Amino acid sequence: MSKLVQLILQDGSTYNGISFGYEESVSGELVFNTSMTGYPESLTDPSYKGQILLATYPLIGNYGVPKDSSSNGFSDCFESNDIQVSALIINHYSDNYSHWNANESLSSWLKRNKIPAISGVDTRAITKKLREEGSMLAKIVFKSKDTPFYNPNKDHLVKKVSCKTVSKYGNGKHKIVLVDCGLKLNILRCLLKRDTTIIRVPYDYDFTKEDYDGLFISNGPGDPALNTETINNLKKAINIGKPIFGICLGNQLLALAAGASTYKLKYGHRSHNQPVIKVGTKHCYITSQNHGFAIDHSQLPYNWEPLFVNANDNSCEGIRHTSGKFFAAQFHPEASSGPTDTEFLFDDFISIIEDFKSNA
């Protein structure tokens, strides 16, 4: 039988719900996601490490969870090997799932992985509160099992989600060193489709000692300024001069290495429907995003400039170097479960690599 459970916010607000996940008290930063699909991908996204995810879409669980498989040495279905969120909060849970690829219910998957989840909560009211007051700490509390509030942004979260050893994937003509700061696995899938050999390395690995055609900096969780090892290695890589492409946290780390600064957004961008405009054009792309920090592009140094801006709040959504060799996107061009409007950026990266190699 499902148990009643409380969601308690840092400001003292309390909401009663029904447990459909693992029954253990937990705390973290409460954030919301406006996507209508893709909850297996979102829940396994390492960028959500330490966070309690609130889904604004009122129906979650209706297509279950797929059976995982592996064809390239990593998961075919999920964005990492683990569920990364600390807990899930939804309005209505659909236990009667139906999908051709479904293997189990969302509830059984969460319980098996010891992730708390609650339904029956007024997610609309909580989302409105977060939009007005900003992201805040929260905790899910079962009777007589209280837990203190926890601020994940004070921890070095990348260290917790990065790979521990060097791995190789593919056997293509372009050698890419991929710095894993909390990698979404669809980045691997997108790169492997483009005739690459990928050397995946930990966040603190000195990748400048490797021989590579292009450098890729992945997404990841937490405060970008805490990743001093990666930033220092990126400074050396910029001086080496080979092509660099960063996504999400990779965008912020590249900016920090260039000399700019970052700041925390009021409530972050987490959705499949964020409009982004390419600077100097009228092109607007619908993007998938998951980040709580942004670049202060007013502090970008000489020879660096914004590449994309958010059409809603004008925050920086990407940067580039005027040489054309270094660029990054704050959003996710590899988006899974979509949209795929900006996957062409992977093609742009390969084109830059080919031009660099031909002129070397």
Side-chain angles (χ1 to χ4, degrees), residues 45-50 152-163 176-184 187-188 191 198-210 212 214-265 268-269 289-301 303-308 310 315-321 323 325-334 345-346 349 352:
D45 180 354
S47 293
Y48 279 119
K49 189 69 174 179
N153 294 304
K154 293 184 178 181
D155 284 348
H156 195 322
L157 298 176
V158 168
K159 185 176 181 179
K160 296 182 178 182
V161 296
S162 176
C163 62
I176 309 297
V177 168
L178 191 160
V179 184
D180 181 358
C181 298
L183 173 73
K184 287 183 66 180
I187 289 174
L188 281 176
L191 287 172
I198 300 172
I199 308 300
R200 179 182 180 182
V201 303
Y203 77 98
D204 57 351
Y205 184 87
D206 187 358
F207 45 80
T208 62
K209 296 180 180 179
E210 293 284 335
Y212 59 86
L215 178 66
F216 191 103
I217 315 298
S218 85
N219 65 291
D223 187 344
L226 297 178
N227 299 280
T228 54
E229 301 98 332
T230 314
I231 294 167
N232 288 335
N233 285 328
L234 262 175
K235 290 178 180 178
K236 293 189 288 184
I238 291 172
N239 288 331
I240 291 172
K242 293 183 178 180
I244 302 174
F245 180 24
I247 285 178
C248 196
L249 182 68
N251 178 54
Q252 299 160 6
L253 296 179
L254 185 60
L256 289 170
S261 63
T262 56
Y263 64 95
K264 197 174 191 310
L265 293 164
H269 297 156
Q289 303 196 12
N290 180 12
H291 59 275
F293 290 79
I295 296 168
D296 182 354
H297 57 266
S298 69
Q299 295 189 12
L300 284 171
N303 283 340
W304 289 86
E305 60 189 10
L307 178 56
F308 298 97
N310 190 288
S315 60
C316 183
E317 291 281 358
I319 61 172
R320 64 182 169 190
H321 190 267
S323 69
K325 294 185 294 183
F326 319 131
F327 74 108
Q330 186 61 59
F331 49 88
H332 288 273
E334 87 294 346
L345 291 178
F346 286 92
F349 181 46
I352 292 170

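The model shown is predicted, which means the values in this text are computed figures rather than measured ones.
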Parallel, tilted or perpendicular: which one describes the rings of Phe326 and Trp304, with boundaries at 30° and 60°? parallel

Any heavy-atom pair between the side chains of Phe327 and Ile352 that's under 4.5 Å? yes

Please enumerate all residues that pass side-chain contact (heavy atoms from CB on, under 4.5 Å) together with Asp204, with sequence neighbours excluded. Pro202, Glu229

Any side-chain heavy atom of Gln289 sitting closer than 4.5 Å to one from Asn310? yes

In Å and rounded to the nearest 0.5 Å, what is the CG to CG distance from Leu178 to Leu215? 8.5 Å

Run the salt bridge (Lys or Arg N to Asp or Glu O under 4.0 Å) test against Lys235 and tell me which residues pass, sequence neighbours left out. none

Could you tell me which residues satisfy ring pair (Phe, Tyr, Trp, His ring centres under 6.0 Å) with His332, sequence neighbours excluded, listed by chain and number? none

Contact check, side chains of Leu253 and Asn227, non-hydrogen atoms, under 4.5 Å: yes

Please enumerate all residues that pass side chain to side chain donor-acceptor pair (under 3.5 Å) together with Ser323, with sequence neighbours excluded. His321

Sorted by chain and number, sequence neighbours left out, side chain to side chain donor-acceptor pair (under 3.5 Å) with Lys154 holds for none

Within the supplied structure, the quantity of interest is the number of heavy atoms (other residues, nucleotides, ligands) at a distance under 6.0 Å from Lys159 NZ; does it exceed 12? no

Give, for atom CD1 of Ile247 and atom CD of Glu334, the distance between the pair rounded to the nearest 0.5 Å. 4.5 Å

Are side-chain heavy atoms of Ile319 and Pro306 found at a separation under 4.5 Å? no

Identify, with sequence neighbours excluded, every residue that meets side chain to side chain donor-acceptor pair (under 3.5 Å) alongside Ser315. Asp313

With Tyr212 via ring pair (Phe, Tyr, Trp, His ring centres under 6.0 Å) - residues at least two apart: none

When you look at His291 and Leu265, which way does the side chain to side chain contact (heavy atoms under 4.5 Å, CB included) test go after all the steps? CA-CA 9 Å; His291 59 275; Leu265 293 164; 3.7 Å; yes

What's the shortest heavy-atom distance between Asn251 and Ala328, and which atoms? OD1-CB, 3.2 Å

Reported CZ-to-CD1 distance for the pair Phe207 and Ile217, which is rounded to 0.5 angstrom: 4.5 Å

For Phe349, give me all partners under ring pair (Phe, Tyr, Trp, His ring centres under 6.0 Å), at least two apart in sequence or on another chain. Phe245

Spatial distance of atom CG (Leu249) from atom CG (Leu183) [nearest 0.5 Å]: 12.0 Å

To check you understand the geometry: which heavy-atom pair defines the closest contact between Gly241 and Lys325, and what is its length? O-NZ, 3.1 Å

Which residues pass the side-chain contact (heavy atoms from CB on, under 4.5 Å) test with Asp206, not counting sequence neighbours? Thr208, Lys209, Asn233, Lys236

Please determine whether side chain to side chain contact (heavy atoms under 4.5 Å, CB included) holds for the pair Leu256 and Leu234, giving the CA-CA distance in whole Å, both sets of side-chain angles, and the decisive distance to 0.1 Å. CA-CA 9 Å; Leu256 289 170; Leu234 262 175; over 6 Å; no

Student check: side-chain heavy atoms of Val158 and Leu226 closer than 4.5 Å: no

With rounding to the nearest 0.5 Å, note down the distance linking CG in Leu300 to CD1 in Ile295. 6.5 Å

Taken in chain and number order and not counting sequence neighbours, the residues that satisfy side-chain contact (heavy atoms from CB on, under 4.5 Å) with Ser47 are Asp45, Asn219, Asn290

Looking only at atom types and distance, does a side-chain atom of Ser162 sit under 3.5 Å from a main-chain N or O of Tyr203, one as donor and one as acceptor? yes

Can you name the side-chain contact (heavy atoms from CB on, under 4.5 Å) partners of Glu305, sequence neighbours left out? Arg320, Thr322

Restricting to non-hydrogen atoms, name the atom on Cys181 and the atom on Thr230 that form the minimum distance, rounded to 0.1 Å. SG-CG2, 4.3 Å

Approximate separation, where rounding is to 0.5 Å, of Ile198 CD1 and Leu188 CG: 5.0 Å

Which heavy atom of Val161 sits nearest to which heavy atom of Pro46, and what is that distance? CB-CB, 4.1 Å

With no hydrogens and no angle check, is any side-chain donor or acceptor of Gln252 less than 3.5 Å from a backbone partner on Phe293? yes

Is any side-chain heavy atom of Phe308 closer than 4.5 Å to a side-chain heavy atom of Leu345? yes

Sequence neighbours excluded, the answer for ring pair (Phe, Tyr, Trp, His ring centres under 6.0 Å) partners of His297 is none

